[in-house]
Visitor: 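Below is a structure I'd like to ask you about.
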Amino acid sequence: MLEKTYSPADIEAKWYDHWESTDAFACGRNQGGETYTIVMPPPNVTGNLHMGHALDNSLQDILIRFERLRGKDVLWQVGTDHAGIATQNIVEKQLDAAGLNRKDMGREKFIERVWDWKAESGGNITRQLRRLGASCDWSRERFTMDTGFSAGVLKFFVKLYNDGLMYKDNRLVNWDPKLKTAISDLEVEQKEVSGHFWHFRYPLVDAQGDIIKNKFIEIATTRPETMLGDTGIAVHPSDERYKDLIGQQVKLPLVGRLIPIVADDYADPEQGSGAVKITPAHDFNDFEVGKRNDLEMINILDESASLNRNAPEKYQGMDRYQARKAIVADLEGGGFLVKVEPHTHMVPYGDRGGVVIEPWLTEQWYVDAPKLAVKAIEAVETGKTNFIPKNWEKTYYQWMRNITPWCVSRQLWWGHQIPAWYAPDGTVFVCETEGEAYTQAQAKFGNDVVLERDKDVLDTWFSSGLWPFGTLGWPEKTPEVDRYYPNATLVTGFDIIFFWVARMMMSGLYIMDDVPFKKVYIHALVRDEKGAKMSKSKGNVIDPLDFVEKYGADALRFTLSSMEAQGRDIKMSEKRVEGYRNFGTKLWNAARFCEMNGISGSNSLKPPTATLTLNKWIIGEVMQAAQGVTKALEAFKFNEASDTIYHFTWGKFCDWYVELIKPVFWGEDEEQKQETRVVTAWVLDQILVILHPFMPFITEEIWNGLGAQRDTDIIHARWPEIGAVDAAAMADVDWVIRFITEVRSTRAEMNVPAGAKATALITGASKQTQRRVTDWHDMLARLARLEKAECVTSADTNGAAQLVVDEATVLLPLAGLMDLGAEKARLNKALDKTSKEAASLKGRLGNKGFTDKAPAHVVKDAQEQLSELEAQMQKLQAAIQRLGD
RNA sequence: GGUCGGUUAGCUCAGUUGGUAGAGCGUUUCGUUGACAUCGAAGAGGUCGCUGGUUCGAACCCAGUACCGACCACCA
């Protein structure tokens with residue numbers, strides 16, 4: 001028995017436990033079936049579920065449950081990511097709060113501590129995914145730092161190295177002085193900052209290196225402190241102002257170093273004075289200019305962006321911003337400051353550390369991404385992998401075609417340590433294991449050689465790039481790798497196309513020689529109600545679990561799905577969630593109605609045989625809804641899929657079918673009752689199955705709560721088969737609905753008391769209408785609140801409301817009960833609308849261009865419509881006339 | 001500077017092969033009829049940003065334009 005009121009909280013946990021304990025999510029249940037694989041973007045192991053996860057995973061679960069119902073062998077691979085920087089950050093903060101730091105602790109102890117934290121908080125996110133209803137195969141859960149997966153990561157590294165695609169290079173990197181690690185281009189965020197533009201002048205010197213009085217060259221900078229590392233001045237080769245100065249030198253203030261003036265296209269004559277200071281060790285552009293002009297590279301900063309020993313003693317140890325102040329003051333004191341202007345410019349920030357990134361000269365490991373990108377681009381161009389919506393392919397191409405070498409080494413401790421060992425002379429051995437490194441090293445240096453392992457770890461995305469096959473067991477040759485790779489679909493947000501999707505494409509094609517997935521569905525971002533990006537600092541974060549708590553996971557999932565229209569961000573609205581909770585209640589009550597009338601469940605996939613028109617009709621409606629949802633989901637149109645099943649369930653099944661069958665159950669005809677029970681049971685089952693991907697919990701509860709013998713839980717039921725639609729039945733019920741709606745509308749507008757019953761007298765009825773009136777009499781009477789309805793040849797129109805349904809005119813004698821003025825106004829309004837439409841159609845049909853050029857069926861439709869409208873107009877006019885003045 | 005998206009009812013948004021606009025919420029009126037007031041019935045509300053073009057016909061295609069947003073690159 002179903003409880004009187006539906007309360008999600010009571011049943012959701014129960015069903016999830018049930019599914020999990022019966023291995024309902026396990027892959028391989030249908031070995032003969034076509035496979036369907038999705039790998040879940042691995043959330044940070046110590047993270048918490050936010051609205052983005054809720055959307056991403058709801059959509060994946062909808063697809064997974066849909067395909068499971070369709071009989072495919074589905075694998076939804078789940079797992080978590082070690083999230084190098086993020087996790088290490090959290091643990092370091094904890095240490096900090098306890099007055100400790102990792103350096104004192106030592107690497108081994110620190111890593112132990114991180115594992116402890118992982119053990120402690122790692123269950124949060126997976127519990128939350130369960131709460132959401134995610135039907136992923138937990139028996140296959142993986143972690144990016146599992147032994148097997150880690151072996152794969154190292155193998156990947158070694159293979160790249162051996163193929164010449166992984167190399168060490170000494171160049172400028174984006175250095176985070178807070179976290180003291182290199183980061184990749186993608187982890188840098190440009191932010192607009194209002195700062196200053198300082199104009200300085202550097203004195204020119206003569207051939208002997210002595211300052212020439214009153215001869216200066218003016219430069220401008222937003223970062224005065226870097227001037228200590230200046231090793232040149234660049235001017236444009238065709239800049240007339242400086243032609244004579246090229247090749248001469250200036251004396252760098254505060255430092256005293258003589259630096260050359262060089263000609264380089266990089267200098268923009270339009271900018272500032274046209275001369276630009278060059279600091280090759282602290283600016284990406286200057287680095288290139290320095291290389292081209294053979295300038296010295298002087299690194300003046302240490303790992304925390306304080307001035308190092310290459311700076312004049314006075315500034316050593318100063319933080320970069322302290323140094324800036326001191327240097328500006330000193331330059332001003334020395335008469336080198338020309339002016340200071342306010343200036344707004346973009347400044348790079350580290351996305352994790354939140355401090356200004358310093359271009360810093362260090363040796364790091366790089367992946368030759370431009371080479372790996374070639375196949376990854378080709379795979380999308382040739383359609384082996386498709387993006388949906390397609391416009392994201394452009395974004396992908398744009399980045400891939402301009403890709404730069406990928407810096408993958410991180411000066412962290414938490415992560416996959418780089419498998420490179422160094423001999424005392426610096427010779428590097430890149431191997432999967434230490435033993436192997438020693439074997440190689442001993443062959444070269446003898447048995448006494450002592451190797452030291454590279455201290456750095458790999459970028460987290462380097463390992464998550466292997467997710468689509470690493471989780472299947474690679475580098476082992478497992479049956480799962482053969483069976484589930486390539487994956488069918490990837491579902492993710494556009495914000496990680498570069499970070500993750502692109503890297504998986506490259507690594508998948510490189511390692512597996514095939515694309516990682518055939519389709520990539522890119523969804524939008526979830527924003528707050530006002531459209532602002534949710535962020536902790538803004539305090540506008542909506543916790544999905546609050547909604548789950550309040551309205552149920554089903555309601556949240558349905559909301560996210562119905563708001564997921566391609567190409568647009570989602571503005572999360574509590575009202576919507578509430579509305580879909582109400583939808584759940586509506587379904588619940590409809591099921592209770594069924595139960596009360598002896599309807600339990602149907603184990604038939606095929607629609608039952610129906611003799612009653614109204615049963616034939618609802619079967620046809622099911623077919624149309626099932627087809628609509630199927631097509632929509634196949635095309636990733638989640639909003640369309642949800643809307644279709646929503647409107648069928650509420651607008652057709654509850655609003656009309658349930659109302660129309662009530663008289664059957666009140667009647668005496670047992671055969672009719674039985675047929676209707678069977679049909680209703682089948683229809684309800686189809687609704688439950690179609691709705692199950694969106695609302696897994698309530699559908700499972702009703703499925704099992706109706707008292708029917710079930711072969712399986714609904715999670716393993718079968719998706720409806722699309723069958724024939726009885727057009728005649730559809731037309732009949734369509735007419736019934738229109739008739740009832742017209743009468744109700746008239747009554748409401750005439751302010752007829754709800755309790756008053758009238759007799760409907762129908763004139764001008766065709767044979768078909770006459771038949772319909774007879775066939776549907778009781779339903780019409782009940783739902784339109786009529787005493788009775790009958791077809792007559794003529795009737796007294798005095799004081800009667802009149803309405804037109806198709807060819808017939810319906811009279812409702814309600815003298816005394818209705819407002820005659822209102823009736824006249826109503827008829828005039830109807831006439832107005834009709835004649836306007838008719839006029840427009842007439843105009844179109846009178847246009848030779850239209851009748852000649854438009855397709856025949858369009859013209860025919862227009863003609864038929866016009867004659868219908870004209871007939872209606874006549875009837876309305878007649879009705880108005882009958883009403884008199 | 002480059003790329004992409006958006007502009008439709010009071011609000012949030014649908015509307016893919018161009019044929020006279022839909023939903024949810026909100027709002028107004030009515031309703032305690034035997035699943036459901038987390039409900040039912042009925043209604044009001046839109047020259048689809050602007051200008052031009054293509055077409056018999058444009059919310060939809062093309063060009064231009066305004067405003068909003070995102071991403072990438074850059075401004076010494």
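Only heavy atoms go into these numbers, but all of them, side chains included; no hydrogens, no water, no symmetry mates. Proteins come first, then strands; the chains are lettered A, B, ... in the order of their sequence lines, and each starts at number 1.
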Visitor: Provide the distance between the two C1' atoms, one in B:U7 and one in B:G43, to the nearest whole Å.
Guide: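 Per the computed distance, 29 Å lies between those C1' atoms.
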Visitor: Quote, to the nearest angstrom, the C1' distance that separates B:C48 from B:G6.
Guide: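 Going atom to atom, C1' in each nucleotide, I get 14 Å.
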Visitor: Could you state the interatomic distance from CG (A:Asp554) to OG1 (A:Thr559), rounded to the nearest 0.5 Å?
Guide: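 Answer rounded to 0.5 Å: 10.5 Å.
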Visitor: Quick one: A:Arg844 CZ to B:G18 P, roughly how many Å, whole number?
Guide: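 Distance check: A:Arg844 CZ to B:G18 P gives 16 Å.
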Visitor: Any side-chain N or O of A:Lys586 under 4.0 Å from OP1/OP2 of B:G40?
Guide: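 Yes, because at least one side-chain N or O of A:Lys586 sits under 4.0 Å from OP1 or OP2 of B:G40.
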Visitor: Where the side chain of A:Val658 is concerned, which of B:U38, B:A35, B:G19 is the nearest nucleotide?
Guide: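 It is B:A35.
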Visitor: In whole Å, what is the span from the NZ atom of A:Lys853 to the C1' atom of B:G18?
Guide: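 These atoms are roughly 15 Å apart.
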Visitor: Answer with base, sugar-phosphate or nothing: what part of the nucleic acid does A:Pro753 contact at a heavy-atom distance below 4.0 Å?
Guide: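 Counting heavy atoms under 4.0 Å across all strands, no contact is made by A:Pro753.
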Visitor: Is the distance between the ring centroids of A:Tyr646 and A:Tyr580 less than 6.0 Å?
Guide: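 They qualify: ring centres under 6.0 Å apart.
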Visitor: Under 4.0 Å, heavy atoms only, any strand: does A:Ser840 hit a base, just the sugar-phosphate, or nothing?
Guide: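 Result for A:Ser840 = base.
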Visitor: Measuring only the C1' atom in each nucleotide, how far is B:A59 from B:G19? A whole number of Å is fine.
Guide: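 Comparing C1' positions in B:A59 and B:G19 gives a spacing of 13 Å.
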Visitor: Any side-chain donor-acceptor pair under 3.5 Å between A:Glu564 and A:His523?
Guide: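 No.
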Visitor: In whole angstrom, give the distance that lies between atom NZ of A:Lys191 and atom C1' of B:C72.
Guide: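 Taking NZ of A:Lys191 and C1' of B:C72, I get 18 Å after rounding.
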Visitor: Mind checking who B:A58 pairs with, Watson-Crick or G-U wobble, both distances under 3.5 Å?
Guide: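 Result: none.
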Visitor: Around A:Gln190, counting heavy atoms of other residues, nucleotides and ligands shown, do more than 12 lie under 6.0 Å from its CD?
Guide: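 Yes - once you tally the heavy atoms of other residues, nucleotides and ligands closer than 6.0 Å, there are more than 12.
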Visitor: Would you indicate, yes or no, if B:U12 has its OP1 or OP2 atom less than 4.0 angstrom from a side-chain nitrogen or oxygen of A:Lys575?
Guide: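 False: A:Lys575 side-chain N/O out of range (4.0 Å or more) of B:U12 OP1/OP2.
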Visitor: Classify the nucleic acid contact of A:Lys662 as base, sugar-phosphate or nothing, counting any heavy atom under 4.0 Å across all strands shown.
Guide: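 Base contact.
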Visitor: Taking only side-chain nitrogens and oxygens of A:Ser745, does any of them come within less than 4.0 Å of OP1 or OP2 of B:G43?
Guide: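 Result: yes.
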Visitor: Any side-chain donor paired with an acceptor under 3.5 Å for A:Asp283 and A:Thr226?
Guide: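 No, no side-chain donor-acceptor pair sits under 3.5 Å.
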Visitor: Who is the Watson-Crick or G-U wobble partner of B:U51, with both distances under 3.5 Å?
Guide: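 Base-paired to B:A63.
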Visitor: Which part of the nucleic acid, if any, lies within contact of A:Ser562, taking any heavy atom under 4.0 Å across all strands shown: a base, the sugar-phosphate backbone alone, or nothing?
Guide: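 Contact class for A:Ser562: none.
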Visitor: Using a cut-off of 4.0 Å on non-hydrogen atoms, how would the nucleic acid contact of A:Cys594 be classed: base, sugar-phosphate, or nothing?
Guide: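 Touches nothing.
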Visitor: Any base atoms under 4.0 Å from A:Glu837, or only sugar-phosphate, or nothing? Heavy atoms, all strands.
Guide: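 A:Glu837: base contact, heavy atoms under 4.0 Å.
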Visitor: Go ahead and name the base partner of B:A73; Watson-Crick or wobble counts if both distances stay under 3.5 Å, otherwise write none.
Guide: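 Result: none.
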Visitor: From the list B:A14, B:G40, B:G24, which nucleotide is the closest neighbour of the side chain of A:Ala565?
Guide: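 Looking only at side-chain atoms, A:Ala565 lies closest to B:A14.
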Visitor: Measure from CZ on A:Phe387 to C1' on B:G5 and round the result to the nearest Å.
Guide: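 From A:Phe387 CZ to B:G5 C1': 17 Å.
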Visitor: Round to a whole Å and report the spacing from NZ of A:Lys860 to C1' of B:G19.
Guide: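 Going from A:Lys860 (NZ) to B:G19 (C1'), I get 16 Å.
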Visitor: Need the pair for B:U17. Rule: Watson-Crick or G-U wobble, both distances under 3.5 Å, any strand; none if unpaired.
Guide: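 Partner of B:U17: none found under 3.5 Å.
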Visitor: Across all strands shown, which nucleotide pairs with B:C11 by Watson-Crick or G-U wobble geometry, both distances under 3.5 Å?
Guide: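 In the structure as shown, B:C11 has B:G24 as its Watson-Crick or wobble partner.
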Visitor: Without decimals, in angstroms, what is the distance between A:Tyr580 OH and B:U12 P?
Guide: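 So the two atoms are 16 Å apart, to the nearest Å.
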Visitor: For B:A70 and B:C36, measure between their P atoms and round to the nearest Å.
Guide: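 My reading of the P atoms in B:A70 and B:C36 gives 49 Å.
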Visitor: Reckon A:Glu270 touches a base, only the sugar-phosphate, or nothing at all at heavy-atom distances under 4.0 Å?
Guide: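 If one applies the 4.0 Å heavy-atom cut-off, A:Glu270 turns out to touch nothing in the nucleic acid.
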Visitor: Given B:G5, B:A35, B:G19, which nucleotide is nearest the side-chain atoms of A:Asn391?
Guide: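 Side chain of A:Asn391 sits closest to B:G5.
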Visitor: Distance check: side-chain N/O of A:Lys571 vs OP1/OP2 of B:U12, anything under 4.0 Å?
Guide: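 No, no such contact exists.
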Visitor: For the C1' atoms, the ones on B:C67 and on B:C74, what distance do you get once it is rounded to whole angstrom?
Guide: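 About 25 Å, rounded to a whole number of Å.
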Visitor: Taking only the side-chain heavy atoms of A:Met563 (C-beta and beyond), determine which of B:U3, B:U12, B:A35 contains the nearest atom.
Guide: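 The closest nucleotide is B:U12.
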Visitor: Mind checking A:Thr741 for me? I need base, sugar-phosphate or nothing, with any heavy atom below 4.0 Å counting as a touch.
Guide: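 Sugar-phosphate contact only.
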Visitor: Taking 4.0 Å as the cut-off, does a side-chain nitrogen or oxygen of A:Asn597 come that near to OP1 or OP2 on B:A35?
Guide: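 No, because none of the side-chain N or O atoms of A:Asn597 sits under 4.0 Å from OP1 or OP2 of B:A35.
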Visitor: Reckon A:Ala590 touches a base, only the sugar-phosphate, or nothing at all at heavy-atom distances under 4.0 Å?
Guide: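 Base, at least one base atom sits under 4.0 Å.
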Visitor: Please report, rounded to the nearest Å, how far the P atom of B:C4 is from the CZ atom of A:Phe498.
Guide: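 In whole Å, B:C4 P lies 13 Å from A:Phe498 CZ.
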Visitor: Can you work out whether A:Trp392 or A:Trp666 has the more 5'-proximal nearest nucleotide on RNA chain B?
Guide: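 Going by which nucleotide is closer to the 5' end, it is A:Trp392.
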Visitor: Hey, do the aromatic rings of A:Phe583 and A:Phe694 have their centres closer than 6.0 Å?
Guide: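 When the ring centroids of A:Phe583 and A:Phe694 are compared, they turn out to be at least 6.0 Å apart.
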Visitor: Both A:Arg785 and A:Asp283 contact RNA chain B. Taking the nearest nucleotide for each, which residue is further toward the 5' end?
Guide: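 So the residue in question is A:Arg785.
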Visitor: Kindly state whether the ring of A:Trp392 and the ring of A:Phe387 have centres lying under 6.0 angstrom apart.
Guide: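 So the answer is no for these two rings.
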Visitor: Using the side-chain heavy atoms of A:His647, tell me which of these nucleotides is nearest: B:A42, B:A23, B:G19.
Guide: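 In terms of side-chain proximity for A:His647, the closest of B:A42, B:A23, B:G19 is B:A23.
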Visitor: Side-chain donor or acceptor of A:Glu742 under 3.5 Å from a matching atom on the base of B:A42?
Guide: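 Answer no: no donor N or O sits under 3.5 Å from an acceptor.
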Visitor: B:G69 C1' sits how many Å from A:Asp495 CG, rounded?
Guide: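 Distance, rounded to whole Å: 15 Å.
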Visitor: By the 4.0 Å heavy-atom rule, please label A:Ala220 as base, sugar-phosphate, or nothing.
Guide: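 It contacts sugar-phosphate atoms only.
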Visitor: Looking only at atom C1', what distance separates B:C50 and B:A44, rounded to whole Å?
Guide: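 After rounding to an integer number of Å, I get 28 Å for this pair.
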Visitor: Expressed in whole Å, how much space separates the C1' atoms belonging to B:U8 and B:G2?
Guide: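 Here B:U8 and B:G2 have their C1' atoms 30 Å from each other.
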Visitor: For A:Arg581, report the nucleic acid contact type (base, sugar-phosphate, nothing); a contact means any heavy atom under 4.0 Å.
Guide: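 If one applies the 4.0 Å heavy-atom cut-off, A:Arg581 turns out to touch a base.
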Visitor: Any donor-acceptor pair under 3.5 Å linking the side chain of A:Asp569 with the backbone of A:Leu525?
Guide: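 Side chain of A:Asp569 to backbone of A:Leu525, a donor-acceptor pair under 3.5 Å: yes, one is there.
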Visitor: Mind checking the P distance from B:C62 to B:G5? Whole angstroms is fine.
Guide: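 Looking at atom P only, B:C62 and B:G5 are 11 Å apart.
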Visitor: Is a donor from one side chain sitting under 3.5 angstrom from an acceptor on the other, for A:Lys277 and A:Thr279?
Guide: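 Indeed, the side chains of A:Lys277 and A:Thr279 share at least one donor-acceptor pair under 3.5 Å.
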Visitor: Does B:C75 have its OP1 or OP2 closer than 4.0 Å to a side-chain nitrogen or oxygen of A:Asn285?
Guide: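 Yes, because at least one side-chain N or O of A:Asn285 sits under 4.0 Å from OP1 or OP2 of B:C75.
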Visitor: Does the side chain of A:Trp588 get closer than 4.0 angstrom to OP1 or OP2 of B:C39 through an N or O atom?
Guide: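 It does not, given that no N or O in the side chain of A:Trp588 lies less than 4.0 Å from OP1 or OP2 of B:C39.
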Visitor: How is A:Asn639 classified with respect to the nucleic acid when contacts are heavy atoms under 4.0 Å: base, sugar-phosphate, or nothing?
Guide: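 If one applies the 4.0 Å heavy-atom cut-off, A:Asn639 turns out to touch the sugar-phosphate alone, with no base involved.
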Visitor: Students often get this wrong, so: under 4.0 angstrom with heavy atoms, is A:Lys829 touching a base, only sugar-phosphate, or nothing?
Guide: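 Counting heavy atoms under 4.0 Å across all strands, the contact made by A:Lys829 is with sugar-phosphate only.
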Visitor: Can you confirm whether more than 12 heavy atoms, excluding those of A:Lys842, are under 6.0 Å from its NZ atom?
Guide: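 No, NZ of A:Lys842 has 12 or fewer neighbouring heavy atoms, counting only those of other groups under 6.0 Å.
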Visitor: Under 4.0 Å, heavy atoms only, any strand: does A:Trp650 hit a base, just the sugar-phosphate, or nothing?
Guide: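 Sugar-phosphate only.
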Visitor: For B:A41, what is the paired nucleotide under Watson-Crick or G-U wobble rules, both distances under 3.5 Å?
Guide: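 Per the H-bond distance test, B:U29.
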Visitor: Identify which nucleotide among B:C36, B:G24, B:C74 has an atom closest to any side-chain atom of A:Tyr646, counting heavy atoms from C-beta outward.
Guide: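 Of the candidates, B:G24 comes closest.
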